[in-house]
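Order of the sequence lines fixes the chain letters, A, B, ..., with proteins taken first and strands second; residue numbering starts at 1 for each chain. The figures that follow rest on heavy atoms only: side chains count, while hydrogens, waters and symmetry mates do not. Just so you know, these numbers come straight off a predicted model, no measurement behind them.
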Protein chains: 2
Amino acid sequence: MLVRAFIPAHITAFFFPRFHEDPLKAGSLGAGVNLDRGTNVFVVTEKGVKRHIRVAFNGKPVKKSTARISYSVAEEIIPPEFRGNVEIWQYFDFPNGHGFGNSAGGALGTALALAYAFKNKTLLQASQVAHKHEVINGGGLGDVIAQLHGGIEMRVKAGCPGIGIVDNIFFEDYRVLAIPFGRLSTKEILKGDIIRKIEVNGKQALERLKKKPTPENMMYLAREFAESTGLMEGELLEIARELDRVLRLPSSMVMLGKSIFALLREDEVSGVKEVLSDLSIEKYAICGIYNSRPEVGRWTG
Amino acid sequence: MLVRAFIPAHITAFFFPRFHEDPLKAGSLGAGVNLDRGTNVFVVTEKGVKRHIRVAFNGKPVKKSTARISYSVAEEIIPPEFRGNVEIWQYFDFPNGHGFGNSAGGALGTALALAYAFKNKTLLQASQVAHKHEVINGGGLGDVIAQLHGGIEMRVKAGCPGIGIVDNIFFEDYRVLAIPFGRLSTKEILKGDIIRKIEVNGKQALERLKKKPTPENMMYLAREFAESTGLMEGELLEIARELDRVLRLPSSMVMLGKSIFALLREDEVSGVKEVLSDLSIEKYAICGIYNSRPEVGRWTG
């Protein structure tokens with residue numbers, strides 16, 4: 001049986017973490033946007049005599065130590081009595097570690113595709129397994145639940161799906177510019193001094209977005225958060241300022257990656273492409289907003 | 001501006017109510033299925049000098065007393081300072097009062113279309129307004145939150161969207177047979193002696209579905225609930241037994257309408273049509289399962 005799950009890439013606009021000893025209650029609050037590109041997970045199950053699980057990233061098989069989260073999710077969802085081969089092929093549209101939620105995309109895609117294949121867990125039960133291993137292994141705090149809801153999302157209560165609460169903001173006609181420049185270690189930032197600023201400014205931004213829940217307000221708050229916390233600086237800030245010259249809404253930094261994103265209308269696309277060309281930036285994507293739950297189903301090609 | 005919202009028809013398979021003086025905490029627990037037919041709501045907004053709201057059902061304008069829920073939802077979502085005309089056109093694929101969630105479909109469709117038009121409330125905020133007026137006016141307890149999630153749903157915590165919790169069960173290839181026979185007063189049944197049985201048997205059914213969350217199990221539990229509570233009897237039960245002869249899974253009663261539903265595979269469709277023809281039943285629908293959130297967007301025709 002071949003099952004495919006599509007999980008949108010998720011960009012966090014602003015956030016603050018909620019740590020908790022119970023990983024199901026840990027999470028993050030804030031806001032962000034889900035893209036119509038992201039992670040495709042294909043799961044092949046075949047009965048046999050021995051239980052054997054394999055994971056591959058972008059077509060290349062990876063060791064357990066490299067795909068710890070996906071292996072843990074698979075072990076927990078595949079029924080203990082199952083014997084046979086399970087292959088989990090994960091394909092990512094964005095580079096790893098750049099803030100597009102690949103880790104959660106792989107975890108959630110694996111969980112949903114396996115739950116669909118084995119029909120043994122519900123949507124929330126499977127998503128909770130993905131969330132738990134993401135948190136335990138430091139993959140992320142809020143991506144799984146955000147990706148499960150799609151759209152432009154606002155995390156108003158922290159925790160796994162079924163405990164945390166995600167709201168959605170109505171939007172119209174926006175496209176998303178996404179420019180991945182480099183990796184950033186979420187773990188290190190969450191350990192550093194900057195965490196205090198993230199907590200105070202993230203909380204403020206969320207309160208202000210709740211009062212005026214629009215995509216435009218989210219972008220103003222995102223940029224203010226990115227600059228006021230000191231996370232967005234140097235080259236990233238310079239590029240954002242160049243982009244702002246041709247955009248109606250401020251661009252901002254992807255939390256947490258060395259990446260930039262912006263919401264734009266169709267009539268802003270050509271101006272953006274010119275600026276990027278002038279800056280010799282070639283790797284970027286202009287995507288749609290993915291406004292649904294993840295897709296899961298039998299794959300017939 | 002013309003905005004359209006599609007809200008799936010929702011069939012409850014089994015349930016038990018949770019009354020609460022706060023309508024946002026009232027709701028129902030249980031399970032059910034959302035159909036790819038249901039309620040289409042078209043909202044037209046036009047600025048003017050006077051505030052004027054009109055509601056129409058299936059093309060016919062209706063009085064405030066007939067569409068109390070929709071008018072209340074509209075008054076709460078349209079910004080107080082708005083002046084002009086707002087027309088709310090609701091079209092129903094199933095007859096009213098037969099257990100297909102038309103009331104909640106109209107309320108939620110109105111709420112989402114208006115929130116989209118005015119961009120002043122989030123998805124959860126708008127849905128809560130729909131839930132609240134449904135509960136206050138006795139329209140229903142669990143339809144709004146079930147319709148918001150789509151698919152085959154399991155309400156595991158009662159309340160409005162953002163408070164209640166809905167889980168989804170994975171399914172494959174099922175279609176839904178829906179036969180509306182007549183009206184049934186939810187209010188009267190919830191006041192009667194039968195309520196005690198509904199509470200005990202509904203709770204048991206939910207516990208058993210949580211342990212084995214499959215569409216097949218839901219149908220066995222639905223039928224057991226329908227018969228053991230005494231809700232399904234007489235002609236309805238006779239027709240269900242006729243249908244069962246050509247179905248793999250038991251058919252059951254729509255809660256709460258004088259209506260029957262069943263899950264079936266493509267290869268069961270012709271047998272079902274024969275039985276219905278033998279029984280001289282002409283009004284029925286064979287639909288798909290609607291497995292997404294409601295659709296909301298600008299309508300361009």
Item to complete: Kindly check if the number of other-residue, nucleotide or ligand heavy atoms within 6.0 Å of CD (Glu172(B)) is above 12?
Response: yes

Practice prompt. List the atom of His149(B), the atom of Arg293(A), and the distance in Å for their closest heavy-atom pair.
Written response: O-NH1, 2.7 Å

Worksheet, complete the sentence: Under 4.5 Å to a heavy atom of chain A? For Thr214(B) that would be side chain

Practice prompt. Measure Lys210(B) against the heavy atoms of chain A and call it side chain, backbone, both or neither at under 4.5 Å.
Written response: backbone

Fill in: Val156(A) versus chain B, the contacting section by heavy-atom distance below 4.5 Å
neither

Worksheet item: Looking only at heavy atoms, which of residues 73-82 of chain B get nearer than 4.5 Å to chain A?
Response: none

Response to the item:
Checking heavy-atom separations under 4.5 Å from chain B, one finds in residues 112-129 of chain A Leu112(A), Ala115(A), Tyr116(A), Lys119(A), Asn120(A), Lys121(A), Thr122(A), Leu123(A), Leu124(A), Gln125(A)

